[in-house]
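Encoded as structure tokens, the structure appears first; notes follow it.
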Amino acid sequence: MSRYNARTVEPKWQKAWDDAQTFLATRDEQREKYYVLEMFPYPSGRIHIGHVRNYTMGDVIARYKSSCGFSVLHPMGWDAFGMPAENAAMAIGGHPKDWTYGNIAAMREQMKPLGLSIDWTREFATCDPEYYGQQQALFLDMMDKGLVYRKNATVNWDPVDMTVLANEQVIDGKGWRSDAPVERRDLTQWFFKISDWSEELLGALDGLDNWPDKVKLMQANWIGKSRGLQFGFERTDGGAAIEVYTTRPDTLMGASFVGISPDHPLAKELEASNPEAAAFIAECRKGGTTAEALETGEKLGFDTGIKVKHPLNPDWELPVWVANFILMDYGTGAIFACPAHDQRDLDFCRKYDLPVIDTFFATDDATPVENTAFVPLKTEKVKWVNHFAGLDVATGEDAVNTTIDFVEKAGWGKGVTQYRLRDWGLSRQRYWGCPIPVVHCDDCGVVPEKKENLPVELPVDVTFDIPGNPLDRHPTWRDTPCPSCGKAAKRETDTMDTFVDSSWYFARFTSPRADTPTDLDDAAYWMNVDQYIGGIEHAILHLLYSRFFARAMQETGHLPASAKEPFDALFTQGMVTHAIYQTRDENNRPIYHLPEDVDEANATLRATGEAVEVIPSAKMSKSKKNVVDPVDIIDQYGADTARWFVLSDSPPERDVEWTASGAEASWKFLGRVWRLAEDLGDGDDTDQDLERACAIAINEVTLGIETFGFNKSVAKLYEFANAISKSKAGPGAKRKAVKVLAQLMSPMTPHLSEEIWSHLGGEGLIANAPWPVADESLLVQDTITMPIQINGKRRAEIDVSSEASKEEVEKLALAHEAVVRALEGREPKKLIVVPGRIINVVI
RNA sequence: GCGGGCGUGGUGGAAUGGUAGACACACCAGACUUAAAAUCUGUUGGGCGUAUGCCCGUGGGGGUUCGAGUCCCCCCGCCCGCACCA
């Protein structure tokens with residue numbers, strides 16, 4: 001008996017697939033196409049076990065669909081621009097380009113042994129000039145269609161390094177390198193007009209039937225459509241009225257002050273004239289730009305001394321405050337605060353001693369608000385106090401609508417639909433990205449580069465020894481003649497957000513070498529992506545931007561109308577986690593230990609026997625040392641084991657914890673399957689039970705794959721393998737069953753399956769064999785077992801004919817000993833029979 | 001802070017509102033072996049009971065239902081996102 005040797009078997013079959021060009025995607029109008037795509041990786045340099053999970057899932061789908069007769073496209077590429085390459089250049093020297101391409105080569109070598117069914121002829125990296133040149137062409141077309149514009153926007157500014165920082169580089173409000181407090185600063189930047197598509201992007205979510213509800217909900221909330229009231233507060237000093245937008249106009253009688261953003265025009269006016277205001281606003285500009293920083297930071301206010309009149313009572317004056325938590329980007333940048341029904345407003349009013357006025361109460365409790373705002377659901381009925389449109393008891397929803405109608409009739413405000421979605425700022429003041437292909441000319445203004453001059457390539461002779469954007473200080477690259485008038489002009493030195501790169505790569509895969517962004521015929525054949533797979537962390541930005549880009553590409557003639565929604569089905573997979581092992585030093589600080597240094601069973605260090613603390617299931621992180629390297633796993637057990645393990649146990653959308661014992665168990669199982677096949681004889685014998693087990697396995701494994709229940713498919717395959725090993729059937733029947741087993745396992749463990757297939761004399765490659773079909777006639781059962789509940793608790797079960805009528809089942813149930821005993825001669829209060837399912841006798 | 005999700009034995013998990021714990025890990029027992037490994041067989045949610053069996057049990061509390069892990073409300077914990085990380 002020879003042991004299955006993955007180390008020799010796996011490369012053998014990978015070569016066989018390569019030689020046969022098994023995974024080459026070809027346009028075949030005779031066959032239905034299937035495009036499966038996993039979110040492409042950032043080339044960090046090492047593949048991560050999370051990559052293995054992601055790509056294995058896609059590979060299962062791709063191989064399965066291929067067996068089902070589809071013409072499959074399953075490509076791979078690299079999301080290769082971004083900050084880490086520049087950081088590496090700063091930290092260890094060298095060039096971002098060399099670092100990136102070196103990493104790509106290394107990762108490709110680590111990925112290939114996984115045996116993924118990828119068409120590697122379509123591979124590209126977003127930092128290839130061939131790719132980003134087409135992206136520049138696309139950008140120019142979008143410019144032409146008015147989808148791009150420039151305006152001022154706020155960035156994180158490091159006053160010591162004199163450079164723009166990404167949010168990630170701001171730690172507790174300080175620059176990550178300089179440790180200097182970060183300031184907010186305005187720059188002129190490029191924007192995509194995604195907000196024009198708010199309604200379209202929101203409405204079209206309804207059609208995405210094969211997207212997770214949670215993702216659609218997150219996107220809908222992100223777009224944030226709301227209906228509210230916009231009106232002006234007149235100033236007592238005769239200055240321009242302050243326009244506010246509110247989604248709760250019904251609470252206007254509870255207004256306590258008017259608040260404006262530090263970036264509001266009025267605030268800027270005060271900044272120029274009032275030193276105190278200027279000092280406060282300067283204070284507000286400290287710290288990072290994230291919504292999280294703004295909303296979790298201390299709420300600060302400044303009383304401007306300006307007063308406005310309440311629109312319903314000219315004698316009622318409200319103070320105007322500048323408040324640091326009001327965003328200029330949303331609504332009008334000004335609000336009125338109603339502290340009784342908004343916790344943030346309440347906290348602010350208590351802090352600055354501003355009035356709190358209740359406008360409604362719960363229907364059964366009229367306790368005035370103290371330190372907890374009363375914020376019922378908008379659908380809940382509440383009792384109003386002194387509502388100006390005469391409301392008594394009504395829901396918040398009704399109150400809002402009634403109020404807007406009232407105000408519109410009275411003529412001092414209007415109902416307005418707002419979206420929270422902001423335009424997409426794509427400018428980055430960094431080197432390692434796609435250059436924005438425009439030129440700034442003193443005479444002509446902003447001039448698009450000519451298409452024949454694309455790609456605008458990044459210069460290679462740059463250094464990263466000083467902070468800032470090397471493009472900015474590269475005269476020979478920056479200085480260029482104006483494409484329009486030919487006079488000396490300067491290139492735009494901003495590069496594009498890397499989200500731009502990933503917003504259309506899926507379309508490029510349909511014709512990766514085309515000399516236009518896409519080839520419309522290829523795009524029409526391959527688009528849409530039938531199944532997209534990636535992490536939930538991309539639920540909003542990447543997926544929303546891609547949906548926007550698909551529409552923009554349609555407007556600019558690069559995608560057919562049918563590809564408006566680029567991803568027909570989306571699946572968001574969980575992370576691979578691992579326990580953290582730690583001991584403590586004399587100061588009780590944790591010391592982390594690598595998994596291989598720990599005896600898992602006893603939770604002790606192998607070297608010393610010292611006990612370790614085990615923190616289960618944490619995100620893998622190098623600093624916590626809880627990382628397993630897929631390369632080591634493949635070396636030790638082979639790719640099939642790694643693939644089988646990441647598909648086992650945990651449902652794909654949930655996190656899976658990597659354990660050494662689990663990997664070991666997967667490896668043992670695959671060995672068992674090989675031994676099942678190895679010494680099989682042959683014959684004409686058949687076995688009814690095994691045939692039935694085959695039919696059940698085919699149906700259930702297939703269902704599992706179709707519904708992303710890979711863990712369930714795996715469990716069914718265990719059952720099926722167990723059934724075969726326990727079966728007393730003859731060699732002919734067993735041989736047939738094992739061939740089906742190999743086929744059903746082939747999307748998950750393709751190498752082992754090929755080996756078994758060829759060993760058992762299967763025809764050609766199993767990768768090309770058609771997916772097995774269950775003999776439905778074997779699945780029909782004569783009798784079924786039904787549980788009997790008494791008052792909802794299971795007390796007995798009966799076997800009934802699968803064709804028995806409801807009445808017959810009732811009769812049988814009532815005659816059952818346990819039921820008779822429980823009834824004690826009484827009639828049941830109720831008798832529920834769910835055919836084929838359950839019987840419940842209520843006494 | 002806001003938006004979204006998750007929580008089931010010692011562990012990973014299974015369960016169209018219908019027998020909670022499939023399948024696997026781990027543990028324990030047995031077979032094989034001089035021995036170990038490997039392999040094979042069997043037991044295993046907790047409690048009570050000689051036993052037919054009974055009680056408890058899906059993060060905590062409440063509700064809807066003949067019936068709730070599943071639906072609703074409140075709370076706790078953890079995870080993801082928050083627009084310049086990818």
Side-chain angles (χ1 to χ4, degrees), chain A residues 3 39 41-42 44 79 81-84 153 155-156 164-170 189 212-215 217-222 224 288-297 299 325 329 343-344 347 377 420-430 497-499 502 535-542 544-545 572 574-575 577 600-601 616-617 619 648-651 653-657 659 661-662 664-666 668-669 671-672 675 709 711-712 714-719 722 725 785-789 791-797 828-832 834 836-843:
Chain A
R3 175 169 281 192
M39 291 179 186
Y42 179 79
S44 59
D79 187 16
F81 275 135
M83 289 200 307
V155 294
N156 302 303
V164 176
L165 296 178
N167 285 337
E168 192 190 47
Q169 298 170 314
V170 178
Q189 308 206 57
D213 288 337
K214 62 179 172 186
V215 174
L217 189 56
M218 280 191 262
Q219 292 218 349
N221 288 338
W222 185 260
T289 57
T290 64
E292 189 188 0
L294 290 175
E295 286 177 30
T296 55
K299 309 293 179 289
F325 59 85
D329 293 316
Q343 189 61 42
R344 190 173 58 182
D347 294 343
L377 292 175
R420 207 183 67 100
L421 181 64
R422 310 200 298 255
D423 278 335
W424 171 9
L426 67 116
S427 291
R428 297 291 180 271
Q429 294 70 44
R430 271 186 274 280
D497 179 5
T498 57
F499 272 123
S502 56
I536 186 70
E537 68 273 19
H538 295 293
I540 295 172
L541 292 179
H542 163 60
L544 191 63
Y545 290 158
T572 56
M575 288 183 305
T577 62
E600 262 187 63
S617 213
K619 188 174 180 170
S648 304
D649 293 348
S650 281
E653 68 275 13
R654 237 193 274 180
D655 292 350
V656 62
E657 177 164 310
T659 60
S661 55
E664 177 94 11
S666 296
K668 282 183 190 172
F669 175 70
R672 235 178 88 207
R675 286 193 302 277
N711 56 324
K712 285 178 254 173
V714 165
K716 296 300 171 191
L717 286 163
Y718 270 107
E719 277 182 44
N722 290 343
S725 27
T785 304
M786 287 180 76
I788 300 175
Q789 291 186 334
N791 288 337
K793 286 180 190 271
R794 190 185 67 87
R795 284 293 179 265
E797 53 187 34
K829 275 192 197 140
K830 211 167 186 179
L831 183 60
I832 290 133
V834 184
R837 271 281 169 204
I838 205 163
I839 301 147
N840 192 8
V841 186
V842 185
I843 294 169

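Chain letters run A, B, ... following the sequence lines, proteins first and then strands; every chain starts at 1.
- Here the closest non-hydrogen pair linking A:Asp79 and A:Thr498 is OD1-O, 4.2 Å.
- Within the nucleic acid shown, A:Thr498 comes within 4.0 Å of sugar-phosphate atoms alone, with no base atom in reach, counting heavy atoms only.
- Of all heavy-atom pairs between A:Arg837 and A:Pro787, the closest is O-CD, 3.2 Å.
- Separating the CD atom of A:Glu292 from the C1' atom of B:rC2 is a distance of 10 Å, rounded to the nearest angstrom.
- Nucleotide B:rA86 holds its P atom 12 Å from the CG atom of A:Leu541, rounded to whole Å.
- Applying the ring pair (Phe, Tyr, Trp, His ring centres under 6.0 Å) rule to A:Phe669 yields the partners A:Trp644, A:Tyr718; only residues at least two apart in sequence or on another chain are considered.
- Residue A:Lys830 places at least one side-chain N or O closer than 4.0 Å to OP1 or OP2 of B:rC66.
- At the heavy-atom level, A:Ala665 lies under 4.0 Å from the strands shown only through sugar-phosphate atoms.
- When each of A:His538 and A:Lys716 is assigned the nucleotide of RNA chain B with its nearest heavy atom, A:Lys716 is the one assigned upstream, toward the 5' end.
- As a whole-Å value, the separation of A:Leu217 CG from B:rC6 P is 11 Å.
- As judged by a 4.0 angstrom heavy-atom cut-off over every strand, A:Val155 is placed among the base-contacting residues.
- With contacts defined as side-chain heavy-atom distances shorter than 4.5 Å, the pair A:Arg795/A:Val841 does not qualify.
- Nucleotides B:rA51 and B:rC28 are separated by 25 Å at their P atoms, to the nearest Å.
- By the salt bridge (Lys or Arg N to Asp or Glu O under 4.0 Å) test, A:Arg420 pairs with no residue at all, sequence neighbours left out.
- Mapping A:Lys299 and A:Asn722 onto RNA chain B by nearest heavy atom places A:Lys299 at the nucleotide closer to the 5' end.
- Rounded to a whole angstrom, the distance from the P atom of B:rU70 to that of B:rU64 is 15 Å.
- In this structure, A:Met39 atom CE and B:rG81 atom P are separated by 13 Å, rounded to whole Å.
- For A:Gln343, the side-chain contact (heavy atoms from CB on, under 4.5 Å) test picks out A:Leu346, A:Asp347, A:Thr372, A:Ala373, with sequence neighbours left out.
- Atoms CD1 (A:Ile536) and P (B:rC82) sit 12 Å apart, rounded to a whole Å.
- Listed pair A:Arg428 / B:rC84 meets the phosphate criterion, a side-chain N or O lying under 4.0 Å from OP1 or OP2.
- On a pure distance criterion of 3.5 Å, no polar donor-acceptor pair joins the side chain of A:Gln343 and the base of B:rC2.
- Taking atom P on both B:rG57 and B:rG61, the two are 9 Å apart, rounded to the nearest angstrom.
- Checking B:rA86, B:rG5, B:rC82 against the side-chain heavy atoms of A:Met83 singles out B:rA86 as nearest.
- Applying the 4.0 Å criterion to OP1 and OP2 of B:rA83, one finds that A:Arg420 has every side-chain N and O outside that range.
- Between the side chain of A:Lys830 and the main chain of A:Pro828, no donor-acceptor pair closer than 3.5 Å is present.
- With its glycosidic angle within 90° of 0, B:rG9 adopts the syn conformation.
- On the C1' atoms, B:rG30 is 24 Å away from B:rG9, given to the nearest whole Å.
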Stepwise side-chain contact (heavy atoms from CB on, under 4.5 Å) test for A:Arg344 and A:Glu295: CA-CA 9 Å; A:Arg344 190 173 58 182; A:Glu295 286 177 30; 4.3 Å; yes
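- For the C1' atom pair drawn from B:rC54 and B:rU39, the interatomic distance equals 41 Å after rounding to whole Å.
- Atom CD of A:Gln219 and atom P of B:rG5 are 14 Å apart (whole Å).
- Under the side-chain contact (heavy atoms from CB on, under 4.5 Å) criterion, A:His538 pairs with A:Met39, A:His542, not counting sequence neighbours.
- Judged as a side-chain hydrogen bond (donor to acceptor under 3.5 Å, both in side chains), and not counting sequence neighbours, the contacts of A:Gln219 are A:Arg547.
- Protein atom CD of A:Glu295 is 8 Å distant from nucleotide atom C1' of B:rC82, rounded to whole Å.
- For A:Asn791, the side-chain contact (heavy atoms from CB on, under 4.5 Å) test picks out A:Val842, A:Ile843, with sequence neighbours left out.
- Base contact: A:Phe499 has a heavy atom under 4.0 Å from a base atom.
- The distance between atom CG of A:Asn791 and atom C1' of B:rU65, rounded to the nearest whole Å, is 13 Å.
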Letter per nucleotide, 5' to 3', of nucleotides 14-21 of chain B [B base touched, S only sugar-phosphate touched, - untouched; heavy atoms, 4.0 Å]: SSB-BB--
Intra- and interstrand pairs of RNA chain B - dot-bracket, Watson-Crick/G-U under 3.5 Å, | marks other strand: (((((((..(((.....[....)))(.((((.......)))).)((((....))))..(((((..]....))))))))))))....
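- Spacing of C1' atoms, B:rG63 relative to B:rC48, comes out at 32 Å, to the nearest Å.
- Take A:Gln789 and apply the side-chain contact (heavy atoms from CB on, under 4.5 Å) test, not counting sequence neighbours, and it matches A:Ile838, A:Asn840.
- In this structure, the nucleotide among B:rA86, B:rA83, B:rC55 sitting nearest to the side chain of A:Trp222 is B:rA83.
- Going from the P atom of B:rG3 to that of B:rA15 covers 31 Å, rounded to whole Å.
- Side-chain N/O atoms of A:Asn221 include none lying less than 4.0 angstrom from OP1 or OP2 on B:rC2.
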Footprint string (nucleotides 36-44 of chain B, 5' to 3'): B base within contact, S backbone only, - free, heavy atoms under 4.0 Å: ---SSSS--
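- Under 4.0 angstrom from either OP1 or OP2 of B:rG53 there lies no side-chain N or O belonging to A:Lys793.
- Scanning for ring pair (Phe, Tyr, Trp, His ring centres under 6.0 Å) contacts around A:Trp424 gives A:Phe192, A:Tyr545, A:Phe549, with sequence neighbours left out.
- The side-chain hydrogen bond (donor to acceptor under 3.5 Å, both in side chains) test applied to A:Ser650 returns no partner, not counting sequence neighbours.
- For the C1' atoms, the distance linking B:rG67 with B:rG17 amounts to 8 Å, nearest Å.
- Looking at heavy-atom distances under 4.0 Å, A:Gly297 makes no contact with the nucleic acid at all.
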